There are 2 protein chains.
Amino acid sequence: MGATTTDQQLDALFTALSDRTRRDIVARLTIGDATVKELAEPYAMSMQAVSQHIRVLERSGLISRGRHRQTRPCRLEPAALESAASWVEESRRTWSERMDRLDSHLARVQKRADR
Amino acid sequence: MGATTTDQQLDALFTALSDRTRRDIVARLTIGDATVKELAEPYAMSMQAVSQHIRVLERSGLISRGRHRQTRPCRLEPAALESAASWVEESRRTWSERMDRLDSHLARVQKRADR
DNA sequence: TCCGTACTCAAGCATCTGCTTTATAAAGTG
DNA sequence: CACTTTATAAAGCAGATGCTTGAGTACGGA
C-alpha cells in the first residue's frame with residue numbers, strides 16, 4: 001500500500017508526463033500496445049524523435065518493451081501511473097484534512113460567537 | 001466534472017511537479033500557507049532560486065499568492081492538483097477498461113476450450 | 001544474397017532550466 | 001531620515017532537453 005516511490009522515480013515520472021507528445025503516447029498505449037512506427041505515424045517529427053520520447057517513457061517506468069519480429073512493441077505499465085497518482089492524492093488528502101480541521105475550528109469559533 | 005484542462009496547462013503542471021524542490025514546496029503548502037523566506041529556509045540554495053521555483057508553481061496554477069506586510073504568502077490551489085490527478089486517472093481508467101474487456105474475452109475463449 | 005522494414009546510435013544545434021551573483025524595490029523599524 | 005527585512009529583476013553560465021540528419025544494426029522476404 002504505502003507506495004514508496006523515490007524522489008528520482010517521481011522526477012522521471014513527472015518529467016515524462018510534462019511533454020504533450022509523451023502524454024499522447026501514453027494515452028495511445030492505454031488503448032493497446034503499439035510499435036514505434038505506429039506511435040510515430042501521427043506526428044510530423046521523425047521516427048528517431050519519437051524513439052527518443054519512448055526512451056524517456058521507458059526510463060520513467062511508464063512503459064516497457066518487448067520484441068516481436070523486427071519490431072519493439074511498447075506496453076503501458078500502469079504501476080508507474082499509480083505512483084504518480086499516489087503522490088498527487090497524498091497531497092490532496094493532506095490539504096483536505098487541513099481544510100476539515102480549519103472548518104471545524106471555524107465552526108467552533110462561530111458557535112462561541114453565536115452565544 | 002469533465003475537467004477540460006488544456007495541453008499547455010498540463011505541460012506547466014507536470015513540469016512544475018517534475019522537480020523535487022517544487023514537489024517539496026507543494027507538500028509543505030498542503031500543511032499551511034507560507035512566505036518565500038519560510039519556504040527557502042530548509043534549502044541550501046539562495047532565496048532567489050526558491051523564488052524562481054515559486055514562480056514556476058504559480059504559472060502552473062498550483063499556487064497563488066497574496067500580500068501581507070512585506071511578505072508574499074503562498075497558498076496551494078488544489079484545483080490544479082485535481083487537473084493533474086484527472087489526467088492520470090483518465091489514463092488509468094481507459095487502461096483498466098481495456099484489461100476488463102481482455103479478461104472477459106479470455107474468459108469466453110477459456111469457456112469454449114473447456115467444452 | 002540483395003533489399004526493404006523497423007529501429008537504434010551518434011553528433012550537432014537551438015532552446016530551456018536551475019542555479020548563481022549583483023542590483024533594485026517595497027514595506028516596516030530605529 | 002538611515003537601516004533592515006522580504007522579495008523580485010536581470011544577467012550569466014553549465015548542463016539538460018527536443019529536435020535534426022546521417023550512419024549503422026537486426027530481422028525477414030524474394
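Quick note on labels: first sequence line is chain A, next is B, and so on, each numbered from 1. As the structure is a prediction and not an experimental result, all values here were calculated from the model.
- Partners of B/Q70 by side-chain hydrogen bond (donor to acceptor under 3.5 Å, both in side chains), not counting sequence neighbours: none found.
- When the salt bridge (Lys or Arg N to Asp or Glu O under 4.0 Å) test is applied to A/E41, no partner is found at least two apart in sequence or on another chain.
- In terms of the salt bridge (Lys or Arg N to Asp or Glu O under 4.0 Å) criterion, residue partners of A/E90 (sequence neighbours excluded) are, by chain and number, A/R93.
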request  = Go along nucleotides 14-25 of chain D 5' to 3' and tag each nucleotide: B for a protein heavy atom under 4.0 Å from its base, S when only backbone or sugar atoms are that close, - otherwise.
outcome  = ----SBBBB---
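- By the 4.5 Å heavy-atom criterion applied to side chains, B/H68 and B/T35 are not counted as neighbours.
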Under 3.5 Å donor-acceptor pairs involving side-chain atoms of residues 47-57 of chain B, not counting sequence neighbours:
residue: B/Q52; atom: NE2; partner: B/Q48; partner atom: O; Å: 3.4
residue: B/H53; atom: ND1; partner: B/R22; partner atom: NH1; Å: 3.1

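- Interface residues of residues 29-40 of chain B facing DNA chain D, ordered by number: B/T35, B/V36, B/K37; criterion, heavy-atom separation under 4.0 Å.
- By the side-chain hydrogen bond (donor to acceptor under 3.5 Å, both in side chains) test, A/T6 pairs with A/Q9, sequence neighbours left out.
- In this structure, CE in A/M99 is found 9.5 Å from CG in A/L106, a value given to the nearest 0.5 Å.
- Considering all non-hydrogen atoms of both residues, A/Y43 and A/D24 come closest at OH-CB, 3.0 Å.
- Among residue pairs with one or both ends in residues 56-78 of chain B, those qualifying as salt bridge (Lys or Arg N to Asp or Glu O under 4.0 Å) are B/D33-B/R75; sequence neighbours excluded.
- Shown for residues 57-71 of chain A: residues whose heavy atoms fall under 4.0 angstrom of DNA chain C, namely A/R65, A/Q70, A/T71.
- The side chain to side chain contact (heavy atoms under 4.5 Å, CB included) check on A/T30 picks up A/L76, B/S91, B/T94, B/W95, with sequence neighbours excluded.
- Partners of A/R28 according to the side-chain hydrogen bond (donor to acceptor under 3.5 Å, both in side chains) rule, which considers only residues two or more places apart in sequence or in another chain, do not exist here.
- Although no hydrogens or angles enter the test, the distance criterion places a donor-acceptor pair under 3.5 Å between the side chain of B/S18 and the main chain of B/T15.
- Contact footprint of chain B on DNA chain C: nucleotides with an atom under 4.0 Å from a non-hydrogen protein atom, first to last in 5' to 3' order, C/dG18 to C/dG28.
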